[in-house]
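Order of the sequence lines fixes the chain letters, A, B, ..., with proteins taken first and strands second; residue numbering starts at 1 for each chain.
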2 protein chains.
Amino acid sequence: MNQPVETLRDRKKRRTRAALERAALRLSAEKGYDHVTVEEIAAEADVSVRTFFNYFASKDEAVIGVDPETGPRVVARIFAAPEDASPFEAYRQAVLAEITDDLENARELWLLRKDVLTQRPDLLVRMFTSNAESEQLLADAVARRAGLPESHLYPRLLVAAGGTAFRCAVARWAFDDTVALGDVVGAALDMFATGLAHVPPHQTEGGAS
Amino acid sequence: MNQPVETLRDRKKRRTRAALERAALRLSAEKGYDHVTVEEIAAEADVSVRTFFNYFASKDEAVIGVDPETGPRVVARIFAAPEDASPFEAYRQAVLAEITDDLENARELWLLRKDVLTQRPDLLVRMFTSNAESEQLLADAVARRAGLPESHLYPRLLVAAGGTAFRCAVARWAFDDTVALGDVVGAALDMFATGLAHVPPHQTEGGAS
DNA sequence: GGACTTTTTTGCAGTCTCTGCAAGTTTGCA
DNA sequence: TGCAAACTTGCAGAGACTGCAAAAAAGTCC
């Protein structure tokens with residue numbers, strides 16, 4: 001029907017969004033998140049303040065890097081997993097693939113973001129779990145793969161756990177980025193997979209400190 | 001040294017905080033969170049707007065019911081658990097006890113809060129995980145009980161998982177409050193305990209839908 | 001009770017985030 | 001070229017939140 005052809009408009013929009021995100025991160029890393037105004041961000045990206053708010057609902061969203069395409073893309077990845085993969089495995093693969101890709105495509109942004117999130121850990125909380133909407137999307141996808149009713153706890157819990165794994169991993173990665181973020185997320189997901197009932201053996205990844 | 005005697009000042013402060021929280025919740029449940037101003041909340045609690053902000057750093061915090069005493073109290077509960085309890089068990093007991101108590105002491109507030117959190121699920125995200133500070137406190141407590149270094153992933157992950165369990169449980173409870181909130185949190189924590197690798201057998205609590 | 005210290009409350013001025021609206025510009029398309 | 005749809009922008013305004021200094025209240029000591 002509609003081939004996903006990228007029109008000039010689309011390209012411009014993507015560029016503007018990227019410019020705003022980059023500006024927000026660069027300035028926040030440099031001067032501190034609280035000392036940067038939306039006005040400055042918009043100026044650096046060469047658009048009006050009003051336009052900033054056409055792209056991001058809040059200043060927070062800009063540094064978080066909220067992207068409306070992420071949710072649907074991860075859902076697609078969940079369904080793209082092998083037939084015989086468990087719901088957990090499907091979700092795990094989708095999340096790790098998304099992270100790896102994003103880190104690949106925007107490594108510099110992530111390095112800046114690391115700084116900003118260290119300044120304001122509360123923003124980190126809203127990153128993966130950013131909007132209830134996309135979380136709902138993912139939970140529905142997991143539920144379908146698991147053959148569970150939407151009201152069941154498991155899908156929501158799994159998706160939320162993924163967000164939590166991501167959050168903790170970023171926190172740890174910000175503390176020591178000699179390890180790959182994807183690996184830390186993977187490790188965290190493994191702990192969730194096998195259960196938290198017992199303290200894991202001392203196989204600290206990296207063994208730092 | 002300093003007996004925990006409750007002076008008049010302390011009592012007034014507690015009352016004011018409670019009045020503000022109640023006002024925030026009542027008005028939000030009635031008119032919708034976005035249609036309530038801090039001015040109205042302060043008026044209903046019979047204090048000035050400026051005083052509102054002396055108690056809560058933001059409008060959000062008022063409906064969330066942020067209380068500076070909660071963090072330390074849960075930490076105390078973690079250490080109060082039986083010597084032979086695993087870190088997970090200690091944490092689990094602490095969380096469940098806190099929830100049970102709070103629900104006991106402020107049931108009406110929770111019924112209002114349920115409404116508000118249904119309107120704005122994003123606030124729910126910030127509830128348990130509200131501030132990075134108290135999360136840090138809890139993680140340190142768990143780490144000490146587990147004999148792990150502070151940098152280890154496990155304590156942070158466990159605490160964050162608790163927050164997640166709580167969050168998902170509230171979401172489900174808001175949807176159907178014929179079950180006790182504490183029980184749903186318990187069920188969620190059980191899933192985390194045994195691991196999310198496999199879809200749990202269909203022992204749906206309540207079996208709704 | 002009166003004088004003095006410490007806390008808490010309050011008003012005020014001011015900054016910043018965010019929204020609705022209407023007009024101006026750019027892009028897509030026939 | 002000409003029209004329609006999508007974006008951008010400025011503007012006015014509501015509302016959240018902060019710093020500051022004065023006023024009020026509570027605790028203390030004589």
Side-chain angles (χ1 to χ4, degrees), chain A residues 1-21 23-24 27-28 31-64 66 68-69 116 119-120 122-123 126 130-131, chain B residues 1-21 23-25 27-28 31-64 66 68 116 119-120 122-123 126 130-131:
Chain A
M1 193 53 69
N2 55 350
Q3 37 177 338
V5 66
E6 172 132 291
T7 152
L8 168 63
R9 227 169 229 167
D10 294 336
R11 228 173 312 136
K12 274 201 167 178
K13 279 185 75 173
R14 193 199 297 282
R15 264 196 229 129
T16 302
R17 175 179 292 271
L20 284 170
E21 189 180 337
L27 289 171
S28 296
K31 315 173 40 177
Y33 180 79
D34 306 317
H35 300 133
V36 176
T37 67
V38 172
E39 201 172 341
E40 294 172 288
I41 297 171
E44 171 132 339
D46 230 358
V47 294
S48 72
V49 171
R50 195 61 186 76
T51 295
F52 174 96
F53 284 108
N54 285 339
Y55 281 86
F56 298 101
S58 69
K59 190 178 146 192
D60 295 355
E61 285 198 358
V63 303
I64 288 177
V66 168
E69 296 174 22
V116 180
Q119 287 173 39
R120 301 263 322 229
D122 57 302
L123 293 181
R126 288 187 252 168
S130 58
N131 55 66
Chain B
M1 192 58 65
N2 54 352
Q3 38 177 334
V5 65
E6 172 132 290
T7 153
L8 169 60
R9 231 170 223 168
D10 295 335
R11 225 173 312 136
K12 271 202 168 177
K13 277 186 79 171
R14 193 200 298 283
R15 263 196 229 130
T16 303
R17 175 179 291 272
L20 284 170
E21 189 180 338
L25 283 170
L27 289 171
S28 297
K31 314 173 42 177
Y33 181 79
D34 306 317
H35 299 135
V36 176
T37 68
V38 172
E39 200 173 342
E40 294 172 289
I41 297 172
E44 171 132 342
D46 230 358
V47 294
S48 73
V49 171
R50 194 64 187 76
T51 295
F52 174 95
F53 285 109
N54 285 339
Y55 282 86
F56 298 102
S58 68
K59 190 178 145 192
D60 295 356
E61 284 199 358
V63 304
I64 288 177
V66 168
V116 180
Q119 288 172 40
R120 300 263 322 231
D122 57 302
L123 293 181
R126 289 187 252 169
S130 57
N131 54 67

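In this structure, the CD atom of A:E39 is 14 Å from the P atom of D:dT9, given to the nearest Å. When rounded to the nearest whole Å, the span between CG of B:N54 and P of D:dA24 equals 17 Å. Atom CZ of A:R11 and atom C1' of D:dC7 are 16 Å apart (whole Å). D:dT9 atom P lies 14 Å from atom NZ of A:K13, rounded to whole Å. When rounded to the nearest whole Å, the span between CG of A:D10 and P of C:dC29 equals 10 Å. Between the P atom of C:dT15 and the NE2 atom of A:H35 lies a distance of 15 Å, rounded to the nearest Å. Residue B:E40 contributes atom CD, which lies 14 Å from atom C1' of D:dA16 at whole-angstrom precision.
In the set C:dT27, D:dT9, D:dT18, the nucleotide with an atom closest to the side chain of A:L8 is C:dT27. Out of C:dT26, C:dT8, C:dT10, the shortest distance to the side chain of B:T51 is found at C:dT10. For B:S58, whose side chain is taken as the heavy atoms from C-beta onward, the closest listed nucleotide among C:dC21, C:dT8, D:dC17 is D:dC17. In this structure, the nucleotide among D:dG27, D:dT9, D:dT18 sitting nearest to the side chain of B:T7 is D:dG27. Taking only side-chain atoms of A:K59, from C-beta outward, the nucleotide of C:dT17, D:dA6, C:dT10 with the closest atom is C:dT17. Taking the side chain of A:T37 as heavy atoms from C-beta on, and the options D:dA26, C:dC16, D:dA5, the nearest nucleotide is C:dC16. With D:dA16, C:dT27, C:dT9 as the candidates, the nucleotide lying closest to the side chain of B:F53 is D:dA16.
Among the heavy atoms of the strands, none lies under 4.0 Å from A:F52. Looking at heavy-atom distances under 4.0 Å, A:V47 makes contact with sugar-phosphate atoms alone, never a base.
Contact between the side-chain N/O atoms of A:Y55 and the OP1/OP2 oxygens of D:dC7 is not found at any separation under 4.0 Å.
Closest approach of B:V49 and B:V38 over heavy atoms only: CG1-CG1, 4.0 Å.
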